[in-house]
Undergrad: 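Quick one: this structure, given as structure tokens, is what I'll be asking you about.
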Amino acid sequence: MLDYQTIRSLMFKLDPETAHSVAEFFLKNYKLFSFAINLMARNNFVCDEKLTQEIDGITYINPVGLAAGFDKNATMFQSLPALGFGFVEIGTFTPLPQAGNEKPRLFRFPEQESLQNAMGFNNDGMHKIAQRVQKKYPFAIPLGINIGKNKITPADKAIDDYFKLVQKFSEIGDFFIVNVSSPNTPGLRDLQNESFIKELIEKIKPITNRPIYLKIAPDLHLDIANELIFAAVEAGASGIIANNTSNDYSLLENAKDFGGISGRVICEKSFEFFDEIASNFYGKTTLISVGGIDSADEAYKRIKAGASLVEIYTALIFNGPSLVKNINEGILKNLKRDGFNHISQAVGASR
């Protein structure tokens with residue numbers, strides 16, 4: 001069997017979106033590759049009671065999830081537990097289908113182990129996607145539904161888009177992620193204001209019994225971020241996911257002047273942003289950390305800072321399918337080193 005570095009060298013000869021389509025073909029046609037998928041599951045999935053948590057009424061076998069953006073059309077999630085994930089986000093979904101932004105819109109920076117994307121919520125729309133999800137739900141691991149507004153929807157009608165999406169997926173997902181922080185839909189980040197977030201959460205909260213999490217950008221001024229989080233939690237949100245991609249282009253040499261940056265180059269920025277948020281909100285709401293996490297030590301650092309769960313995406317592309325296993329096993333080693341009997345003891349331990 002080829003090792004991942006060989007596979008990666010071959011995949012990196014392809015355009016990034018083409019390479020993603022190759023991976024999608026393999027993962028969505030899992031029945032054709034059942035032997036390989038089952039082998040991956042046996043090799044990668046870490047199941048240890050020390051890692052199992054119940055958070056907001058949902059049981060997570062391990063704390064490492066896949067961030068939104070990988071499975072935009074809910075075609076691959078049935079295979080993702082084989083990579084070791086304890087939960088997955090699918091989406092971002094919009095009410096109407098949309099093609100996204102013009103290509104090229106996804107760029108690799110292998111030396112920095114980072115990506116830059118300007119995808120623009122390309123997806124098949126909620127009706128077609130809901131049909132796919134419904135066939136597989138309830139799912140083996142918690143399934144997060146990441147939702148956003150259509151590009152053509154004006155700001156004063158944006159809440160209607162989120163409302164429709166929550167109605168559509170309320171019985172076929174385990175939690176919702178409100179995405180108002182992608183830099184790739186014009187005007188979307190302008191919705192990261194206190195009055196809009198409060199009104200939005202208050203409107204969608206009564207129509208679902210699923211937890212709702214707000215995903216925020218790392219480029220927000222901390223005072224504004226704190227105001228947003230307070231407004232969201234007060235309105236009924238269950239927690240915060242920090243953070244989305246960054247449009248701080250100074251972080252990446254030869255960056256484009258559009259889209260969002262993810263991967264190793266935003267690791268430090270993401271941690272500092274999360275740490276500041278956690279200093280105010282740890283113990284008051286559920287905190288989930290994402291952004292540049294590519295090792296067990298970094299994941300554990302976020303957990304000790306207050307994250308109940310962590311998510312990865314870009315690092316998976318550069319490190320391969322053993323990454324999630326390595327992170328979970330590394331967390332277990334760190335727990336043992338620090339004298340903790342359960343991950344819950346480590347959450348917020350450095351606060």
Undergrad: Does a side chain donor of either Asn101 or Asn184 reach within less than 3.5 Å of an acceptor in the other side chain?
TA: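 On atom types as modelled, these side chains do not qualify, holding no pair under 3.5 Å.
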
Undergrad: Less than 4.0 angstrom from a charged side-chain N to a carboxylate O is my criterion; do Asp160 and Lys203 meet it?
TA: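 A salt bridge links Asp160 with Lys203.
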
Undergrad: Could you see if Ile266 belongs to whatever hydrophobic cluster contains Met119? Use Ile, Leu, Val, Met, Phe, Trp, Tyr and a side-chain cutoff under 4.5 Å.
TA: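 No, separate clusters.
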
Undergrad: One thing to verify: whether Glu202 and Lys198 come together as a salt bridge, which I'm taking to mean a side-chain N less than 4.0 angstrom from a carboxylate O.
TA: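 Salt bridge: yes.
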
Undergrad: Tell me whether Asp174 is salt-bridged to Arg210, with the criterion being a basic N under 4.0 Å from an acidic carboxylate O.
TA: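 Not counted as a salt bridge, because no side-chain N and carboxylate O are separated by less than 4.0 Å.
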
Undergrad: Less than 6.0 angstrom separating the ring centers of Phe33 and Phe26, yes or no?
TA: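 Between Phe26 and Phe33, which both carry aromatic rings, the centre distance is below 6.0 Å.
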
Undergrad: Please confirm whether Arg8 makes a cation-pi placement over Phe318, using NZ or CZ under 6.0 Å from the six-membered ring centre and within 45° of the ring normal.
TA: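 Judged by the rule, Arg8 and Phe318 form no cation-pi pair.
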
Undergrad: Using a strict 4.0 Å threshold on nitrogen-to-oxygen distance, state whether Arg302 and Glu298 make a salt bridge.
TA: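 Yes, charged N to carboxylate O under 4.0 Å.
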
Undergrad: Would Tyr213 and Phe176 count as a ring pair (Phe, Tyr, Trp, His ring centres under 6.0 Å) if you check the C-alpha gap in whole Å, the side-chain angles of each, and the deciding distance to 0.1 Å?
TA: CA-CA 6 Å; Tyr213 301 101; Phe176 287 98; over 10 Å; no

Undergrad: List the residues meeting salt bridge (charged side-chain N to carboxylate O under 4.0 Å, His left out) with Asp15, not counting sequence neighbours, and say none if there are none.
TA: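 By the salt bridge (charged side-chain N to carboxylate O under 4.0 Å, His left out) rule, Asp15 matches no residue at all.
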
Undergrad: Examine distances only and state if a side-chain atom of Lys284 and a backbone atom of Asn280 form a donor-acceptor pair shorter than 3.5 Å.
TA: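 A pair under 3.5 Å: yes.
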
Undergrad: Kindly indicate whether the side chain of Phe45, heavy atoms from C-beta on, has any atom under 4.5 Å from the side chain of Leu83.
TA: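 No, their side chains stay 4.5 Å or more apart.
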
Undergrad: Have Ser246 and Asp248 got a donor and an acceptor in their side chains that come within less than 3.5 Å?
TA: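 Side chains of Ser246 and Asp248: no pair found under 3.5 Å.
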
Undergrad: Can you check whether Thr153's main-chain N or O pairs, donor with acceptor, with Asn150's side chain at less than 3.5 Å?
TA: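 No; judged by distance alone, with no hydrogens or angles, the pair does not exist.
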
Undergrad: Check for a donor-acceptor pair, side chain of Glu113 on one end and backbone N or O of Pro110 on the other, with a separation under 3.5 Å.
TA: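 It does not hold such a pair.
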
Undergrad: Check residues 61-77 and write down every donor-acceptor pair under 3.5 Å in which the side-chain atom is one partner and the other belongs to a residue at least two apart or another chain.
TA:
from, atom 1, to, atom 2, distance (Å)
Asn62, OD1, Val64, N, 3.1
Asn62, OD1, Gly86, N, 3.1
Asn62, OD1, Asn328, ND2, 3.4
Asn62, ND2, Gly84, O, 3.1
Asp71, OD1, Ala74, N, 3.1
Asp71, OD1, Thr75, N, 2.9
Asp71, OD1, Met76, N, 3.3
Asp71, OD2, Met76, N, 3.0
Asp71, OD2, Phe77, N, 2.7
Asn73, OD1, Asp124, N, 2.7
Thr75, OG1, Glu24, OE2, 2.6

Undergrad: Does Ser238 form a side chain to side chain donor-acceptor pair (under 3.5 Å) with Asp56? I'd like the steps, not just the answer.
TA: CA-CA 7 Å; Ser238 294; Asp56 299 324; 4.6 Å; no

Undergrad: Are Ile216 and Val178 connected into the same hydrophobic cluster when the rule is that any two of I, L, V, M, F, W, Y join if their side-chain heavy atoms are below 4.5 Å apart?
TA: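 Yes.
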
Undergrad: Within the side chain of Glu54, is there an N or O that forms a donor-acceptor pair under 3.5 Å with the backbone of Tyr60?
TA: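 No.
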
Undergrad: What residues form a salt bridge (charged side-chain N to carboxylate O under 4.0 Å, His left out) with Asp338, not counting sequence neighbours?
TA: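 For Asp338 the salt bridge (charged side-chain N to carboxylate O under 4.0 Å, His left out) partners, ignoring immediate neighbours, are Lys304.
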
Undergrad: With no hydrogens and no angle check, do the side chains of Ser182 and Asn179 hold a donor and an acceptor under 3.5 Å apart?
TA: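 No, Asn179 and Ser182 have no side-chain donor paired with an acceptor closer than 3.5 Å.
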
Undergrad: Is there a continuous path of hydrophobic side-chain contacts, each under 4.5 Å between heavy atoms, that joins Ile312 to Leu106?
TA: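 No; Leu106 is not reachable from Ile312 via cluster members.
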
Undergrad: If you draw the axis of the six-membered ring of Phe271, does the NZ or CZ of Lys301 fall within 45° of it and under 6.0 Å from the ring centre?
TA: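 Output yes; distance and angle both within limits.
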
Undergrad: Is there a donor-acceptor contact under 3.5 Å from the side chain of Ser21 to the main chain of Glu17?
TA: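 Checking the backbone N and O of Glu17 against the side chain of Ser21, a donor-acceptor pair under 3.5 Å is found.
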
Undergrad: Within the distance-only criterion (no hydrogens, no angle test), does the side chain of Glu311 pair as donor or acceptor with the backbone N or O of Ile241 below 3.5 angstrom?
TA: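 Between the backbone of Ile241 and the side chain of Glu311 there is no qualifying donor-acceptor contact (under 3.5 Å).
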
Undergrad: Assigning hydrophobic clusters by single linkage (Ile, Leu, Val, Met, Phe, Trp, Tyr; side-chain heavy-atom cutoff under 4.5 Å), is Ile207 placed with Leu214?
TA: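 Yes: a chain of side-chain contacts under 4.5 Å links Ile207 to Leu214.
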
Undergrad: Without swapping roles, check the side chain of Asn29 against the backbone of Leu32 for a donor-acceptor pair under 3.5 Å.
TA: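 Flag not set: sc Asn29 to bb Leu32 has no pair under 3.5 Å.
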
Undergrad: Counting only N and O atoms by type, is there a donor-acceptor contact under 3.5 Å from the side chain of Asn123 to the main-chain atoms of Phe121?
TA: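 Looks like yes, one N/O pair under 3.5 Å.
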
Undergrad: Please determine whether residues Val290 and Ile277 belong to a single hydrophobic cluster, defined as Ile, Leu, Val, Met, Phe, Trp and Tyr linked transitively by side-chain heavy-atom distances below 4.5 Å.
TA: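 Different clusters.
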
Undergrad: Main chain of Phe109, side chain of Ser114: is a donor-acceptor contact present, judged purely on distance under 3.5 Å?
TA: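 Not confirmed, Ser114 side chain does not pair with Phe109 backbone.
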
Undergrad: Determine, using ring centers only, whether Phe230 and Phe281 are less than 6.0 Å apart.
TA: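 No, they do not, as the ring centres are separated by 6.0 Å or more.
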
Undergrad: For residues Ile261 and Tyr249, determine if any side-chain heavy atom of one lies less than 4.5 Å from a side-chain heavy atom of the other.
TA: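 They are in contact (side-chain heavy atoms under 4.5 Å apart), so the answer is yes.
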
Undergrad: A side-chain contact here means heavy atoms from C-beta on lying under 4.5 Å apart; do Met40 and Asn43 qualify?
TA: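 Result no, sub-4.5 Å side-chain heavy-atom pair not found.
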
